[in-house]
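Notes follow once the structure below has been shown.
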Amino acid sequence: MTNLDLVIIIAYLFLMLGVGLYYRRYAEQGLENFFLAGRSVPGWLNGVSYAAAMVSADAATAYGGLAVVTGVFVCWWYLSRFAVALFVGAVLFALFWRRLNLFTSMEFYELRFTGKPAALMRLWIAFRTSFIAMTAWTGITLLAASKILGPTVGLTTTQTMLLVVPVSFTYIFLSGYKGVVVSNFLQMAIFLLGACCLALLTVFHFGGPTGLATALLTELGHTGAQMLRSFPPMDHPIFPLAAALAWLLGQTIGYGGDAAPMGGAMEGQRILSTRSARQAVVMYVVTAVTMFTLVLLVSIPCIAAPILWPSLLNPSADRELAYGLLMKQMLPPGAMGLVAAAMLAGVMSTVADNLNFGGQVMLHDIYRRWIVRQASERHYLVAGKLCMLVILALAMTVVYHTRIIFDVAVFMLQLSSAELPANWAQWWWWRFNGKARIAASFGGGAIFCLVVLVPKLLVSLGAAWAQVLLIPWWYQTFIVMGLTTALWVSVALLTQPDSPQVLENFYRQARPLGSGGPVRDQLAHGAFAGVRTSGHDWSLIGRGFLIALLGSVGVMFYILGVSNWFVGSNGLVVASLMVATVLFAVFLRQLPAYLDCLEAIPKALETQGETCAAPPMEK
């Protein structure tokens with residue numbers, strides 16, 4: 001690394017400190033400013049910021065490492081995980097979450113459920129979010145920074161932490177959430193520029209896209225030919241088609257119904273900080289397009305890594321070093337500093353987001369709810385900053401006790417997928433009660449332990465017969481989801497529903513879709529008189545899913561098209577981008593009319609009139 005590279009990195013660090021100082025006074029004005037930016041963030045800015053937070057150095061290391069052993073179809077790893085899920089959240093849930101106007105999404109549980117189960121669920125979701133999820137995701141992001149800066153700059157893990165952590169914590173400590181979204185926008189621009197630089201330099205190192213494809217076939221033979229595929233094969237040892245389906249179902253079913261799932265998403269703060277409900281929808285759509293573009297740019301160059309370093313294909317190799325190795329090999333002076341700054345930008349945006357969101361939850365849903373209920377705004381502001389420090393300290397333990405980022409991601413997915421289907425039920429099924437919610441969360445965790453952890457424990461203790469219980473993680477995900485769903489459905493049907501007063505209050509505030517049952521009957525002569533039926537609601541939900549699929553499939557074809565450009569499959573590029581353009585155009589045409597229909601529901605409640613009908617999809 002040259003002096004020019006160091007100057008670029010140092011300049012970036014001072015830029016971030018400048019952002020923190022600039023927004024310090026605004027953040028100090030109160031909790032709403034510090035944690036929600038005064039609920040004034042435009043949807044597009046929140047979306048770009050969220051994408052920047054979700055695509056960090058851990059994406060370059062984890063997805064890049066997967067690209068080493070998969071190829072072009074590595075895109076299905078992140079498309080199956082997030083494409084349908086984000087559009088479902090946008091179309092079917094964003095408007096309803098923003099309508100509640102909560103401070104944190106965990107307050108939902110004491111609005112939707114009754115008594116001790118409601119309080120327990122709010123406490124548990126807050127605890128797992130701040131002490132488990134944000135700790136784990138922050139830790140692996142910092143670990144990824146070490147895996148990038150180690151091969152390129154020669155820094156040890158501790159030296160990397162001393163470079164990244166003080167600046168990240170200082171600017172988020174000073175500027176709050178407003179500083180997060182503004183700095184994330186700047187960081188995204190730097191990240192995009194740096195990622196494009198390395199991606200293009202890697203491709204043209206082999207003479208262009210066609211040259212890269214030829215090198216894969218020549219140097220890697222059958223493995224190289226498989227890496228040029230656009231879709232996962234049935235029998236791939238790392239990422240078969242069944243794994244893609246596990247990601248798709250495990251992340252999509254239930255998505256949007258809980259704005260703080262274990263899988264790493266933190267839409268609650270994003271939704272609640274937007275200017276309006278429609279801006280929350282914009283946030284999701286911008287997040288999806290921006291995030292997939294960024295992930296593609298940091299993962300696809302790594303398909304070239306096994307050509308240069310065949311040892312990365314060894315099962316015992318740490319393939320997550322691939323992106324850092326490419327940086328060291330491909331980048332000239334100046335460009336190295338730019339891409340290193342880009343990786344630091346990604347790390348700091350993710351760390352800042354996680355700390356601010358986790359601190360908000362720990363403060364409001366644990367400290368303020370259970371420990372100190374009556375104190376000044378200033379007291380809670382200081383306590384919130386200390387909560388961020390606690391999360392950062394716990395994240396450091398993850399950095400020094402984890403080796404492979406991929407393993408943490410799979411573990412978090414399996415644990416969160418156990419209860420995800422229940423997240424839709426708590427919005428759309430009046431019969432789903434607090435006991436069923438507890439069964440989904442705690443029973444799902446117990447089922448996860450039995451299916452995933454107990455077999456590993458038995459084998460480690462020498463029980464040879466338990467080897468038969470060690471099945472691939474994607475099949476474990478299906479089993480855990482199925483058994484957990486059967487459990488909470490049974491509990492819901494065998495126990496009494498929540499009190500009519502709680503359900504009525506929730507329906508009046510949220511005006512959710514789905515089956516209202518006797519709640520609607522009780523309100524039949526009041527605000528809900530003549531408004532709508534459950535049948536009409538389910539038709540709206542079905543229509544919403546179709547619109548979400550239009551957007552998600554359109555984005556999938558866009559990513560497939562760009563991915564195939566890097567290997568010279570020009571026919572697939574043109575066909576994919578044409579399909580993407582048509583589908584996304586239809587999505588953008590259908591979405592406003594659908595949102596009009598959803599927004600007509602509260603207006604009808606006020607006037608006791610009819611809501612809009614669900615017209616057929618436009619062609």
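Not measured: the values here are computed from a predicted model.
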Practice item. Check whether any side-chain heavy atom of Arg98 sits under 4.5 Å from a side-chain heavy atom of Ser276, and report yes or no. Key: no
Exercise for review: Please answer whether the main-chain N or O of Gly47 pairs with a side-chain N or O of Thr287 as donor and acceptor at a distance below 3.5 Å.
Suggested key: yes
Review point. When you measure from the side chain of Arg511 to the backbone N and O of Gln509, does any donor-acceptor pair fall under 3.5 Å?
Key: yes
Review point. Under a 4.0 Å N-O cut-off, is there an ion pair linking Arg437 with Asp498?
Key: no
Review point. Just by distance, with hydrogens left out, do Tyr177 and Gln360 show a side-chain donor and acceptor under 3.5 Å apart?
Key: no
**Study point:** For the student: nearest non-hydrogen atoms of Asn564 and Val573, plus distance
**Key:** C-CG2, 3.6 Å
Review point. Backbone N or O of Val180 within a donor-acceptor pair of the Ser183 side chain at under 3.5 Å?
Key: yes
Exercise for review: Can you measure from OH (Tyr50) to OG1 (Thr350) and round to the nearest 0.5 angstrom?
Suggested key: 10.5 Å
Review point. Is a side-chain donor or acceptor of Thr70 paired with a backbone partner of Phe73 at a separation under 3.5 angstrom?
Key: no
Check your understanding: Would you call Leu493 and Val489 a side-chain contact if the rule is heavy atoms closer than 4.5 Å?
Key -> yes
Point to revise | Residue pair Phe87, Val555: steps toward the side chain to side chain contact (heavy atoms under 4.5 Å, CB included) verdict | key: CA-CA 10 Å; Phe87 280 91; Val555 169; 3.7 Å; yes
Practice item. Applying side chain to side chain contact (heavy atoms under 4.5 Å, CB included), run through Ile366 and Val361 and close with a yes or a no. Key: CA-CA 7 Å; Ile366 298 178; Val361 171; 5.7 Å; no
Point to revise | Heavy-atom check, side chain of Leu420 versus side chain of Asn423, under 4.5 Å | key: yes
Check your understanding: Taking the six-membered ring of Phe506 as reference, does the NZ or CZ atom of Arg112 fall below 6.0 Å from its centre and within a 45° cone about the axis?
Key -> yes
Point to revise | Met388 CE to Thr138 OG1 distance, which is reported to the nearest 0.5 Å | key: 11.5 Å
Check your understanding: Centres of the Phe545 and Trp424 rings: under 6.0 Å?
Key -> yes
Review point. Which pair of heavy atoms, one from Ile271 and one from Ala280, lies closest together, and at what distance?
Key: CG2-CB, 3.9 Å
Exercise for review: Heavy atoms only: give me the nearest Pro117-Lys435 pair and the separation to one decimal.
Suggested key: CB-N, 4.4 Å
**Study point:** Separation between CE of Met121 and OG of Ser441, rounded to the nearest 0.5 Å
**Key:** 3.0 Å
Exercise for review: Could you grab the distance from atom CD1 of Ile132 to atom OG1 of Thr129, nearest 0.5 Å is fine?
Suggested key: 8.5 Å
Exercise for review: Locate the shortest heavy-atom distance separating Ser273 from Leu36; write the atom from each residue and the value.
Suggested key: CB-O, 3.3 Å
Check your understanding: Looking at Asn356, Thr274, Asn46, Thr104, which hits side chain to side chain donor-acceptor pair (under 3.5 Å) with Gln269?
Key -> Asn356
Practice item. Report yes or no: does Ser105 contribute a side-chain atom to a donor-acceptor pair with the main-chain N or O of Gly268 at less than 3.5 Å? Key: no
Review point. Distance-only, no hydrogens or angles: does the Arg275 side chain make a donor-acceptor pair with backbone N or O of Ser40 under 3.5 Å?
Key: yes
Exercise for review: Check for a donor-acceptor pair, side chain of Asp537 on one end and backbone N or O of Gly514 on the other, with a separation under 3.5 Å.
Suggested key: yes
Review point. With Ser563, which of Leu572, Val72, Leu79 fulfils side-chain contact (heavy atoms from CB on, under 4.5 Å)?
Key: Val72
Review point. Any chance the rings of Trp44 and Phe185 have centres within less than 6.0 Å?
Key: yes
Practice item. Hey, could you give me the CG/CD1 distance between Leu355 and Ile172, rounded to the nearest 0.5 Å? Key: 7.0 Å
Practice item. Evaluate ring-ring contact (aromatic ring centres under 6.0 Å, His included) for Trp427 paired with Phe108, printing each intermediate quantity in order. Key: CA-CA 10 Å; Trp427 281 90; Phe108 169 88; 5.0 Å; yes
Practice item. Measure the acute angle between the ring planes of Phe587 and Phe584, then classify it against the limits of 30° and 60° as parallel, tilted or perpendicular. Key: tilted
Review point. So does Phe442 have more than 12 non-hydrogen atoms from other groups sitting under 6.0 Å from CZ?
Key: yes
Review point. Should Thr293 and Tyr558 be marked as a side-chain hydrogen bond (donor to acceptor under 3.5 Å, both in side chains) after you check the CA-CA gap, both sets of side-chain angles, and the distance that decides it?
Key: CA-CA 9 Å; Thr293 302; Tyr558 155 65; 2.7 Å; yes
Check your understanding: Relative to each other, are the rings of Trp488 and Trp429 parallel, tilted or perpendicular (30° and 60° limits)?
Key -> tilted
Exercise for review: Inspect the surroundings of OH in Tyr78 and state if more than 12 heavy atoms from other residues, nucleotides or ligands are less than 6.0 Å away.
Suggested key: yes
Review point. Nearest heavy-atom pair of Ile391 and Met362: which atoms, and what distance?
Key: CG1-CE, 3.6 Å
Practice item. Without swapping roles, check the side chain of Trp474 against the backbone of Ala246 for a donor-acceptor pair under 3.5 Å. Key: no
Check your understanding: Arg99 and Ala510: which non-hydrogen atoms are nearest, and at how many Å?
Key -> NH1-O, 3.0 Å
Review point. Are the side chain of Tyr594 and the backbone of Leu540 linked by a donor-acceptor contact shorter than 3.5 Å?
Key: yes
**Study point:** Near-ring test Phe239/Trp247, centroid separation under 6.0 angstrom
**Key:** no
Check your understanding: If we only count heavy atoms from C-beta on, is the Leu595 to Val91 side-chain gap below 4.5 Å?
Key -> no
Exercise for review: For the pair Trp97 (side chain) and Gly256 (backbone), establish whether a donor and an acceptor sit closer than 3.5 Å, ignoring hydrogens and angles.
Suggested key: yes
Check your understanding: Should Phe478 and Leu245 be marked as a side chain to side chain contact (heavy atoms under 4.5 Å, CB included) after you check the CA-CA gap, both sets of side-chain angles, and the distance that decides it?
Key -> CA-CA 9 Å; Phe478 293 137; Leu245 292 174; 4.1 Å; yes
Check your understanding: Quick one: are Val295 and Trp77 in side-chain contact, heavy atoms under 4.5 Å?
Key -> no
Check your understanding: Rounded to the nearest 0.5 Å, how far does CD of Gln496 lie from OG1 of Thr114?
Key -> 11.5 Å
Exercise for review: Please tell me if the side chains of Leu583 and Met556 come closer than 4.5 Å, counting only heavy atoms from C-beta onward.
Suggested key: no
Exercise for review: May I ask you to say whether Glu107 pairs ionically with Arg369, meaning some side-chain N is under 4.0 Å from a carboxylate O?
Suggested key: no
Practice item. Kindly determine whether Leu31 and Phe103 satisfy side chain to side chain contact (heavy atoms under 4.5 Å, CB included), including the steps that lead there. Key: CA-CA 9 Å; Leu31 293 175; Phe103 185 72; 4.0 Å; yes
Review point. Should Cys75 and Phe292 count as side-chain neighbours, where that means a heavy-atom distance under 4.5 Å?
Key: no
Exercise for review: Please tell me if the side chains of Leu241 and Trp76 come closer than 4.5 Å, counting only heavy atoms from C-beta onward.
Suggested key: no
